[in-house]
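What follows is one structure encoded as structure tokens, with my remarks underneath.
Just so we're on the same page: letters track the sequence lines, and every chain starts at 1.
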Number of protein chains: 2
Amino acid sequence: MTSGARGALTREAVLDAAAALVKRHGPDALTMRGLAAALGTAVTSIYWHVGGREALLDALVERTMAELGEIRPSGRTPEQRVVGVARDLRRQLRDHPHLVALVHERGLTERMFLPAQRVLVREAHAAGLRGARAAEFVRAVQFQVVGHVLVERNRERAPVQRPGEEELWSAETAGDDPALARALARPVDTERLFLTAVRALVRALLPAGRPLPARASGPVG
Amino acid sequence: MTSGARGALTREAVLDAAAALVKRHGPDALTMRGLAAALGTAVTSIYWHVGGREALLDALVERTMAELGEIRPSGRTPEQRVVGVARDLRRQLRDHPHLVALVHERGLTERMFLPAQRVLVREAHAAGLRGARAAEFVRAVQFQVVGHVLVERNRERAPVQRPGEEELWSAETAGDDPALARALARPVDTERLFLTAVRALVRALLPAGRPLPARASGPVG
DNA sequence: ACCTGAACACCGTTCAAGT
DNA sequence: ACCTGAACACCGTTCAAGT
């Protein structure tokens with residue numbers, strides 16, 4: 001109904017319709033029967049073109065991931081570039097909120113982080129980090145970014161916190177600090193929180209920022 | 001069948017059986033019909049005692065949360081105590097892996113972190129942090145701990161990574177650093193990673209560690 | 001090669017009916 | 001107050017049958 005049923009059914013057309021459904025109502029709203037209705041075909045045709053629901057969602061993840069623009073580091077110091085990469089990745093994921101849910105459900109956070117991983121390895125090398133140290137750095141940034149995005153998404157779809165109860169909590173936990181109680185009641189500035197955490201991590205793991213003379217490490221590509 | 005059908009059906013008995021099912025096969029395996037079968041009653045009895053599936057899962061989360069031991073800070077400096085609190089919370093959540101999944105599904109990470117929040121506020125005050133600064137600190141630790149646990153759980157239930165592909169990735173991303181490629185192929189030392197990240201955060205946000213003379217801040221309890 | 005309807009084995013939930 | 005079976009409105013998937 002939504003998408004024109006012009007011509008033969010294509011794998012592409014199925015994925016398009018599926019993506020539209022997910023975009024509008026979230027992954028849970030994507031049912032094989034509903035998708036078939038949107039396409040104007042029989043449910044079983046979907047199975048012929050893309051396979052079952054699992055395969056469909058896998059394909060959707062892969063497609064959305066390919067649509068994400070590549071991440072290019074910018075900035076003077078390795079620290080600036082790494083923080084920039086983290087921020088860009090977070091922005092990309094924020095722009096595709098359902099992708100995060102899909103990826104989490106399917107245990108693909110590793111896959112999601114792969115493009116950024118390449119870039120971070122280069123930055124680690126440029127900063128003079130190699131081997132196990134470089135790996136630890138990359139992993140730490142991965143956990144940081146992905147973890148933050150997961151928490152952020154989670155809070156967004158949290159049930160409407162009953163304000164009365166929240167007030168109570170704040171008063172109870174804030175212990176003689178009304179300014180803190182107020183701050184805890186306010187919505188979180190997630191962007192700021194994110195940058196704070198990433199910067200702290202990068203500063204702790206990256207060697208002190210010498211401006212690196214010309215080209216610090218070996219051939220890169 | 002599993003749990004004895006002795007006496008009248010109780011809300012407690014229903015929750016017990018539900019908890020057992022979730023513990024053994026995960027939250028997805030908890031179906032109203034399956035639960036009724038395990039209890040040896042009609043499905044509809046469950047509705048009378050605890051309400052629908054949503055209410056059941058909510059009750060389960062609340063119950064499991066109450067079972068978690070309270071978190072007590074230990075250590076000399078505020079930094080040590082905060083890191084300890086974070087580590088304890090992570091351990092608790094690791095010991096109840098399905099709780100994390102349930103909490104994430106239902107958008108209750110805020111609720112899950114509440115007990116630790118109280119403790120962290122006290123530590124922030126003890127370290128001389130008040131008002132908005134203290135709130136930011138608490139929030140940062142919250143995102144850090146919860147985020148890490150979410151990523152950790154996600155990776156655990158990730159599909160078996162085809163080793164060939166992973167090898168390729170490593171070789172591709174490692175760029176002239178075989179030790180890094182090997183490190184990336186090895187399983188992550190999540191405990192170490194966690195402590196590294198938390199320590200970096202705490203050091204960045206907590207005022208420099210003076211040993212605090214006797215009692216630094218106002219009345220607390 | 002592509003598409004179909006019917007059927008199977010599930011779900012959560014409601015409701016009128018029992019005791 | 002407590003428990004029941006039947007029924008409703010959904011699911012994903014398979015399969016034999018069509019063209």
Counting Watson-Crick and G-U wobble pairs whose two distances are both under 3.5 Å, find the runs of 3 or more in a row that involve DNA chain C.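 Correct response: C:4-8 with D:12-16, C:12-16 with D:4-8.
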Side chains of residues 65-72 of chain B: which donor-acceptor pairs under 3.5 Å do they make with residues two or more places apart or in other chains?
none

Heavy-atom contacts under 4.0 Å between residues 45-55 of chain A and DNA chain C, which residues?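 Heavy-atom contacts with DNA chain C come from A:S45, A:W48, A:H49.
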Roughly how far, to the nearest 0.5 Å, is CZ of A:F143 from OG1 of B:T196?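 These two atoms lie 11.5 Å from each other.
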Distance, nearest 0.5 Å, that separates CZ of B:R90 from CD of B:E152: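 Output value for this atom pair is 4.0 Å.
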Residues in salt bridge (charged side-chain N to carboxylate O under 4.0 Å, His left out) with [X], at least two apart?
X: A:D58; value: A:R106
X: A:E136; value: B:R192
X: B:R91; value: B:E191

With 3.5 Å as the limit, what N/O pairs link the protein to nucleotides 5-10 of chain D?
from	atom 1	to	atom 2	distance (Å)
D:dG5	O6	B:T44	OG1	3.2

Distance-only check: which donor-acceptor pairs under 3.5 Å involve side-chain atoms of residues 28-48 of chain B, not counting sequence neighbours?
from	atom 1	to	atom 2	distance (Å)
B:T31	OG1	B:G34	N	2.8

Restricting to ring pair (Phe, Tyr, Trp, His ring centres under 6.0 Å), what partner residues turn up for A:F137, sequence neighbours left out?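 Scan of A:F137 (ring pair (Phe, Tyr, Trp, His ring centres under 6.0 Å), adjacent residues dropped) gives none.
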Go through the structure and list residues passing ring pair (Phe, Tyr, Trp, His ring centres under 6.0 Å) with A:F194, not counting sequence neighbours.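 So A:F194 forms a ring pair (Phe, Tyr, Trp, His ring centres under 6.0 Å) with A:H148.
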May I have the distance from [X] (atom [atom1]) to [N] (atom [atom2]), rounded to whole angstrom?
X: A:M32; N: C:dT4; atom1: CE; atom2: P; result: 14 Å
X: B:L9; N: D:dC3; atom1: CG; atom2: C1'; result: 9 Å
X: A:R11; N: C:dC2; atom1: CZ; atom2: C1'; result: 16 Å
X: B:D28; N: C:dG12; atom1: CG; atom2: C1'; result: 15 Å

ring-ring contact (aromatic ring centres under 6.0 Å, His included): which pairs involve residues 88-108 of chain A, sequence neighbours left out?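 Applying ring-ring contact (aromatic ring centres under 6.0 Å, His included) to every pair that reaches into residues 88-108 of chain A, excluding sequence neighbours, yields A:H104-B:H104.
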Suppose you measure atom C1' in D:dC2 against the same atom in C:dA16; what distance do you get, rounded to whole Å?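 Roughly 15 Å separates the two C1' atoms.
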P-based separation of C:dA9 from D:dA9 [nearest Å]: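 Between the two P atoms, the distance is 22 Å.
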Residues in side chain to side chain contact (heavy atoms under 4.5 Å, CB included) contact with B:A19, at least two apart in sequence or another chain: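 Once residues adjacent in sequence are excluded, the partners of B:A19 under the side chain to side chain contact (heavy atoms under 4.5 Å, CB included) criterion are B:L60, B:R63.
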